Amino acid sequence: MTIKGKVLGTDGEAIIGASVVVKGSTTGVVTDLDGNYSLTNVPKGAILEFSFVGYVKLTKTVGSETTINAILYEDSQMLEGVEVVAFGTQKKESVIGAISTVKVAELKTPSSNLTNALAGRVAGVISYQRTGEPGVDDASFFVRGVTTFGYKKDPLILIDGIELTSTDLARLQPDDIASFSIMKDATATALYGARGANGVILVKTKEGQKGKARLSLRVENSISTPTQEIELADPVTYMRLHNEAYLTRNPLAPLMYSEEKIDNTVPGSGSVIYPATDWRKELLKNFTMNQRVNLNITGGGDVARYYVAASYSQDNGILEVDKNSNFNNNIKQRVYTLRSNVNINATKTTELIVRLSGVFDDYNGPLYGGSAMYNLIMKSNPVLFPAKYPKDEAHAYTKHTLFGNAENGQYLNPYAEMVRGYKESGRSNLSAQFEIKQDLKFLTEGLSARLLFNTSRISNYDVSRKLNPYYYKMTNYDYLTGDYAIDIINPDDGSEYLIYDPGGKSITANMYIEAALNYNRDFGRHGVSGLLVYQLRNNLQPNAGTLQASLPYRNVGLSGRFTYAYNNRYFAEFNFGYNGSERFHKSKRFGFFPSAGLAWVVSNESFWEPLKSTVSKFKLRASYGIVGNDAIGSGRFLYLSDINMNDSKYGANFGYNFDYHRDGISVKRYSDPEITWEKSTKTNFALEFTLFDDLNVTAEYYTERRKSILQERASIPASMGLWVQPYANLGEAKGHGVDLSLDYNKYFANKSWLQLRGNFTYATSEYMVYEDYEYPGAWWKQKVGYPTNQTWGYIAEGLFVDDNEVANSPIQFGEYGAGDIKYRDVNKDGKITDLDQVPIGYPKEPEIVYGFGASYGYKNWDISVFFQGLARESFWMDYNNVSPYFNTVDTKVVGNRVGHNALAKFIADSHWSEDNRDAYAVWPRLSPTSIENNSKTSTWFMRDGSFLRLKQLEIGYTIPEKITNKAGIKNLRFYVTGNNLLCFSKFKLWDPEMAGAGLGYPVQRVYNIGLNLTF
């Protein structure tokens, strides 16, 4: 019988040149440009084998059907596959460095921010997201944790070989990514020399594929809503406890609210006379909708190949808009991206590549940002006035909004602050890259060269337009009839027109040159390769504010890699980076960073043959090396002094009337030619094995020792006469950890398949050398031996039950009494001081991040689920921001407004009071103002930040080909996705991933519907 069909990848694109063979025979064909094949004279019951380089082999049994289609899945562990490494590629079998590769399909989450997809997806990356505000919701991520307490902790990010920021990575479209790799150990990063100590994220974008044009479209629409918000007490409880806060601290204090007001306030009544304002309801919507579109086309012939893509995304905030305004103050983040990658075979040995890309961000939102607006809601009194007054007869012709306030208009009205204006900002990144590759086999087999030039321009701007609100207050009312009168508070200060604030503007010009010479050749059982790379980076900020900042930033380097392989069993590799940095004195400017590694593929030994049916792959590898970090401080040219020649603080007045002034001179930094870069010595041991051809496991253990960390001197004798404390390369830290990843793939005869995956990362670090003050009798104050993100604070023993206990306890801080926090006198000196601070909790950055999930497909249906979690992290609730009734308004944001913090329900339910002297209540005794004693960092407000969340659930359906082929469609898939659906944590008050930022813009739960269409 004749069997026909099509071979596709998981992205729905045809696989050209895939092999289709009848098992046990010589009958076979390869797929054409559309992925189609046709086999004749195939007996019933025969087994067809579908295979392609880089994909898992698939077998199907021939039954009565004459059409058999196949979907091949990428094999991330194939020995003969290709792994992206620094400045090139290697066979997976020969890779010695610690490199984690992320499957591109796993990065396609219902988010416009790529960094939000990293958490739990890849072994070796510590990642978390603290906010869900569009435009500023980048996740924080670190390769194998943080092993420095210096200036720069995040990894080097390279997209198509060009150093970019986490913002650029966040805007990258998953559809445009060909490979996404994490370089973790010294062997993988040594070629980046002085820039690789914190790890490297290496991303390559797609290039054109030979064949007729293939167009792919992805369209998504999602609904976004907060995962969790802190629950607030009702307005009546707010008033009663506000009065209690005054009386419990001062029994003679005047009450804030009368019994009449309390008794007549009815939540939800809408009363203007007795307002009960739900600020969240006034300012926020329950949900918002976001859209994403990506379109790309690829194709080409023998001479030229192309990949062209465009995308658009719009993420909206959940802020309300005042109908009386003619502008939109809600958050709207729009991102436009364009990309064109063209490969041209100029000759049989010469290839030209042109890469053009543009990313354009347009942001519109409130003056202070979404997180700031959330904070203002939590700082506003709900019972003093409504958000705005309805227009009465006296104000029927008033054009402006009648914003509510009280007394002299000094109180915070968050609604007025939100709708009084808006801010626009934009960011553009235009990049042009030209690369030429030349095969030099006419000189010697295996020799090639390439030259790359890249230039880019990055610009930023922001513009604010705002008006000054008119505030109104109630002057009299009749609670029996409901009649009332209002009057304007600030007739001379308000405005009905917008004021223009141009904001800041910046431009950055980047230039990068890379030249490489590569050699790769096999001599029988022996394989050798060599690589030399020259790099030059130039960064210019022409509108910088200072002379030093306006000078070009430059780095230059020469890197090399040499490898040897014997009989596909034994592998050795040596790498080096020789880099120069402008930041250091000429005697310290260049550094040499070497690394070496060995690997043994045990499963390729003859003695392993009996085990191959069970353990088809078994590989051991180890590496050791030194890498560096030149980003060790915020200043330029750290070896030079920095002198302020016009410091008014040190000026003097002269003349008969002392009216002639001359500024003085001050020292900001002393010169130090000995300052140099951090150096990190890294060791890595790894085991890779595959069980039953289905389960792939990689386990790695690493150590790191970081030296020469720049640190401010703890103490300098006054007799030296220095103006400022100098810095020096004093600090040392060490770290270690474990990376574990598992990947299981199984394909069944009933047209179903199953994938299981999981990864685990444990990364910890500690101080080894840290210049600190001497603490006689308080050894616990020394940082050495503790994690670099460790917090020091007081041990809270409970709340004082009464004033008698206060009188018989060690002296603490400021004015305090019964119901306030009681601290442990650790050094037993009869008073609580800084010497009683001890290491408390886990580090602020999680030491464990993990993820696991599964995907299952049957015929045209597929479903996938993914869980993500973190552990060994502590955070602290902010006493001043969470405590009710305090005035914690940031005067830099809204001026001298008076706020009263909101009352969280958990505080109303459990706090120390005269009637309930619970020494272990959740919150101390209430107060209208901050109590110094309670504001100290302590175990009382420490919480466990660990959690496990259902990160993603997706269900998809692919329309049968017999239907799509009639419309000329190769693949059409519909899917629904949910993100951040469930969270399991000991902490219940807000989303635990936000940690101490729980009163800000919440992390979002997303419900998404989308389609993938390929022609």
Side-chain angles (χ1 to χ4, degrees), residues 133-135 224 226 268 270-272 275-289 314-334 362-382 384-392 394-406 409 411-425 462-474 486-491 493-501 889 893-895 897 899 902 1001:
E133 180 182 354
S224 180
S271 172
V272 176
T277 308
D278 185 342
W279 289 115
R280 284 199 290 215
K281 186 176 181 181
E282 293 287 347
L283 275 70
L284 307 175
K285 297 182 288 187
N286 293 326
F287 67 91
T288 189
M289 299 187 72
Q314 177 171 309
D315 291 301
N316 301 303
I318 54 177
L319 306 182
E320 291 283 5
V321 178
D322 189 357
K323 297 179 181 179
N324 203 35
S325 300
N326 59 358
F327 55 82
N328 189 338
N329 57 264
N330 189 19
I331 298 172
K332 181 184 289 185
Q333 172 80 13
R334 290 164 293 180
D362 287 333
Y363 173 88
N364 183 99
L367 295 172
Y368 317 121
S371 290
M373 291 313 308
Y374 258 88
N375 278 306
L376 292 182
I377 290 173
M378 297 300 297
K379 298 177 186 296
S380 303
N381 192 309
L384 290 182
F385 46 81
K388 58 183 179 180
Y389 287 104
K391 291 183 179 180
D392 53 13
H395 302 88
Y397 299 101
T398 302
K399 295 181 179 180
H400 57 253
T401 302
L402 312 179
F403 294 111
N405 216 300
Y411 291 102
L412 172 65
N413 182 332
Y415 183 79
E417 297 296 339
M418 183 181 72
V419 303
R420 63 177 298 203
Y422 64 102
K423 179 180 181 179
E424 290 180 339
S425 63
D462 68 80
V463 175
S464 296
R465 299 176 180 89
K466 56 187 176 182
L467 51 79
N468 294 322
Y470 285 102
Y471 291 109
Y472 288 76
K473 66 178 179 181
M474 187 175 298
I486 58 173
D487 195 11
I488 191 168
I489 298 175
N490 59 331
D493 295 337
S495 62
E496 293 182 343
Y497 54 87
L498 293 174
I499 302 170
Y500 169 70
D501 182 0
V889 175
V893 176
V894 295
R897 295 287 172 194
Y1001 201 105

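Computed from a prediction, not measured in an experiment: that's the story for all the values here.
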Can you check whether Pro366 reaches Ile331 side chain to side chain, under 4.5 Å on heavy atoms?
yes
Assess whether side-chain contact (heavy atoms from CB on, under 4.5 Å) is satisfied between Thr401 and Val419, documenting all intermediate values.
CA-CA 10 Å; Thr401 302; Val419 303; over 6 Å; no
Check whether Tyr470 reaches the backbone of Gly494 with its side chain - one donor and one acceptor, N or O, closer than 3.5 Å.
yes
Would you say the side chain of Lys423 lies within less than 4.5 Å of the side chain of Lys466, judging by non-hydrogen atoms?
no
Between Asn405 and Asn490, does the side-chain contact (heavy atoms from CB on, under 4.5 Å) criterion hold? Intermediate values first, please.
CA-CA 10 Å; Asn405 216 300; Asn490 59 331; over 6 Å; no
Residue pair Pro390 / Val272: nearest heavy atoms and the distance that separates them
CD-CG2, 4.2 Å
Does Lys388 have any salt bridge (charged side-chain N to carboxylate O under 4.0 Å, His left out) partners at least two apart in sequence or in another chain, and if so, which?
Asp322
Can you check side-chain contact (heavy atoms from CB on, under 4.5 Å) on Arg420 and Leu467, steps first, answer last?
CA-CA 6 Å; Arg420 63 177 298 203; Leu467 51 79; 4.2 Å; yes
Would a distance-only check, ignoring hydrogens and angles, find a side-chain to backbone donor-acceptor pair under 3.5 Å from Asn364 to Asn330?
yes
Which pair of heavy atoms, one from Pro134 and one from Gln333, lies closest together, and at what distance?
CB-CB, 4.1 Å
May I ask you to test the Leu319-Leu284 pair for a side-chain heavy-atom distance under 4.5 Å?
yes
salt_bridge(Lys281, Glu320) N-O dist < 4.0 Å
no
Got a second to check how far Ile499's CD1 is from Arg465's CZ, nearest 0.5 Å?
13.0 Å
Which word best sums up how the rings of Tyr411 and Phe385 line up, parallel for under 30°, tilted for 30 to 60°, or perpendicular for over 60°?
tilted
Whether Trp279 side chain and Asn381 backbone form a donor-acceptor pair below 3.5 Å
yes
So how far is it from Lys399 NZ to Lys391 NZ, rounded to the nearest 0.5 Å?
10.0 Å
side-chain hydrogen bond (donor to acceptor under 3.5 Å, both in side chains) filter on Gln314, not counting sequence neighbours, yields Tyr312, Asn316
Measure the spacing between OH of Tyr389 and CG of Asp487 and express it to the nearest 0.5 Å.
11.0 Å
Mind running ring pair (Phe, Tyr, Trp, His ring centres under 6.0 Å) on Tyr422 and Phe327 for me, showing each step along the way?
CA-CA 8 Å; Tyr422 64 102; Phe327 55 82; 5.2 Å; yes
Counting only heavy atoms not in Tyr500, do more than 12 sit closer than 6.0 Å to its OH atom?
yes
If every non-hydrogen atom of Ile486 is compared with every non-hydrogen atom of Met474, which pair is closest and at what distance?
CG2-CA, 4.1 Å
Non-neighbouring partners of Glu496 that pass salt bridge (charged side-chain N to carboxylate O under 4.0 Å, His left out), sequence neighbours left out
none
Locate the shortest heavy-atom distance separating Tyr472 from Thr398; write the atom from each residue and the value.
OH-CG2, 4.1 Å
If we only count heavy atoms from C-beta on, is the Lys379 to Arg897 side-chain gap below 4.5 Å?
no
Heavy-atom pair of closest approach, residues Pro414 and Ile377:
CB-N, 4.3 Å
Please report the closest heavy-atom contact between Leu376 and Ser380, naming both atoms and the distance.
O-OG, 2.6 Å
Steps toward side-chain contact (heavy atoms from CB on, under 4.5 Å) verdict (Asn375, Tyr368)
CA-CA 10 Å; Asn375 278 306; Tyr368 317 121; over 6 Å; no
Any sub-3.5 Å donor-acceptor pair from Thr288's side-chain atoms to Ser224's backbone N or O?
no
Main-chain N/O of Tyr1001 paired with Glu133 side-chain donor or acceptor, under 3.5 Å:
no
Separation between CG of Leu498 and CG of Asn326, rounded to the nearest 0.5 Å:
6.5 Å
